[in-house]
Amino acid sequence: MSVDENGAVAFDNVDLCQTWEVLEQCKDAGLVKSIGVSNFNRELLERILNKPGLKYKPVCNQVEFHPYLTQNGLQKFCRSKDIVLVGYGVLGSPGAGNWKDQGVPSILQNPILISIGKKYQKSPVQVSIRYTMQRGVVPIVKSFSPERLRQNFQVFDFHLSPEDMKEIDGLNQNLRYWKYEV
């Protein structure tokens with residue numbers, strides 16, 4: 001990370017459309033199969049989508065997504081443009097470092113997710129992953145434990161009812177775990 005003479009983060013002024021054109025050249029040259037973005041809001045996506053001479057639109061947009069941050073407007077926009085929404089932080093990143101906002105309550109201890117999990121004999125982790133999938137978002141889930149990795153895949157043998165989905169939708173408070181302090 002670059003800093004200025006005062007120790008503050010120094011930002012570059014990079015033209016997004018020029019950067020996108022270079023990425024399109026990489027795709028044309030066969031260096032990449034697809035081009036995606038991360039943490040783009042609607043305004044940034046529209047800047048690319050409305051770029052004169054656009055060859056390739058973003059295939060996906062990777063954003064923080066979990067029951068406390070369901071990104072409803074962004075998801076609707078991405079769906080309307082056939083951009084896949086990919087969610088990170090689906091489990092709230094338990095055990096994360098100091099970049100995580102410790103003031104946001106734990107998803108894995110949420111009584112609603114626990115209750116719904118008991119109904120299906122699943123953990124709150126599995127309920128959160130399943131919820132993400134049923135919302136049409138691709139979940140990114142990580143674990144270092146082989147047992148937890150196995151459990152994370154045990155989400156294809158049940159479906160949350162419309163009532164369960166609505167109840168989990170009600171947890172959305174637009175809370176972010178990731179602190180982007182500059």
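Note that this is a predicted model, so its numbers are computed, not measured. Below, all heavy atoms of this structure are taken into account, side chains as well, without hydrogens, waters or symmetry copies.
Remark: Asn6 CG is packed, more than 12 non-hydrogen atoms of other residues, nucleotides or ligands lying under 6.0 Å away. Other residues, nucleotides and ligands place more than 12 heavy atoms under 6.0 Å from the CD atom of Glu147. By the 6.0 Å contact criterion, CD on Gln154 is enclosed, its count of non-hydrogen atoms from other residues, nucleotides or ligands being greater than 12.
Under the side-chain contact (heavy atoms from CB on, under 4.5 Å) criterion, Lys118 pairs with Ile114, not counting sequence neighbours. Arg42 meets the salt bridge (charged side-chain N to carboxylate O under 4.0 Å, His left out) test with Glu46; sequence neighbours excluded.
Side-chain N or O atoms of Thr132 include none that pairs as donor or acceptor with a backbone N or O of Pro139 at under 3.5 Å. One N or O on the side chain of Thr19 and one on the backbone of Asp15 form a donor-acceptor pair closer than 3.5 Å. Although no hydrogens or angles enter the test, the distance criterion places no donor-acceptor pair under 3.5 Å between the side chain of Gln62 and the main chain of Asn39. Remark: the backbone N or O of Gln151 is paired with a side-chain donor or acceptor of Gln126 at under 3.5 angstrom. For the pair Glu167 (side chain) and Ile112 (backbone), a donor-acceptor distance under 3.5 Å is absent.
Looking at Arg130 and Val127, their side chains never come closer than 4.5 Å, going by heavy atoms from C-beta outward. At least one side-chain heavy atom of Cys78 sits less than 4.5 Å from a side-chain heavy atom of Leu45. At a threshold of 4.5 Å between non-hydrogen side-chain atoms, the residues Pro58 and Ile35 do not count as touching. Residues Pro67 and Leu113 meet the side-chain proximity criterion, which asks for heavy atoms closer than 4.5 Å. When side chains are defined from C-beta on, Thr70 does not count as touching Val137, because their heavy atoms never get closer than 4.5 Å. Residues Leu91 and Ile129 have side chains in contact (heavy-atom distance under 4.5 Å, counting atoms from C-beta outward). In this structure, Phe77 and Leu49 have side chains that are in contact, with non-hydrogen atoms separated by less than 4.5 Å. Here the side chains of Tyr120 and Leu160 are in contact, with some heavy-atom distance below 4.5 Å.
Under a hydrophobic-cluster definition in which Ile, Leu, Val, Met, Phe, Trp and Tyr are linked whenever side-chain heavy atoms come within less than 4.5 Å, directly or via other members, Leu44 and Val37 are assigned to the same cluster. Put simply, Val32 and Leu16 are part of the same group of oily side chains (I, L, V, M, F, W, Y) that touch within less than 4.5 Å, one to the next.
Atom CG of residue Asn72 and atom CG of residue Asp169 lie 6.5 Å apart, to the nearest 0.5 angstrom. Considering NE2 of His66 and CG of Leu69, their distance stands at 5.0 Å, rounded to 0.5 Å. To the nearest 0.5 Å, the span separating OH on Tyr56 from OG on Ser34 amounts to 10.5 Å. Note that CG of Asn61 is 6.0 Å distant from CG of Leu85, once rounded to the nearest 0.5 Å. Here the NZ atom belonging to Lys119 is positioned 11.0 Å from the CZ atom belonging to Phe158, to the nearest 0.5 angstrom.
Under the 30°/60° scheme for interplanar angles, the aromatic rings of Phe65 and Tyr131 are found to lie parallel.
Look at Asp157 and Lys122 and you find a salt bridge, because one of the NZ, NE, NH1 or NH2 atoms lies within 4.0 Å of a carboxylate O, short of that distance. Under a 4.0 Å N-O distance rule, the pair Glu21/Lys55 does not qualify as a salt bridge. Taking 4.0 Å as the cut-off between side-chain N and carboxylate O, Lys27 and Glu24 do not count as a salt-bridged pair.
A side-chain donor-acceptor contact under 3.5 Å links Ser161 and Glu163.
Pairing each heavy atom of Phe156 with each of Phe153, the nearest pair is CD1-O, 3.3 Å. For the pair Ser143 and Asn152, the tightest heavy-atom approach, listed with the atom from each and the gap, is CB-ND2, 4.1 Å. Pairing each heavy atom of Trp20 with each of Leu54, the nearest pair is NE1-CD1, 3.4 Å. The minimum heavy-atom distance between Cys60 and Val86, with the atom names listed, is CB-CG2, 3.9 Å.
Listed by first and then second residue, the side-chain hydrogen bond (donor to acceptor under 3.5 Å, both in side chains) pairs that reach into residues 75-85 are Gln75-Arg135, sequence neighbours excluded.
Exactly one of Asn110, Asn174, Asn172 qualifies for a side chain to side chain donor-acceptor pair (under 3.5 Å) with Tyr68. That residue is Asn110.
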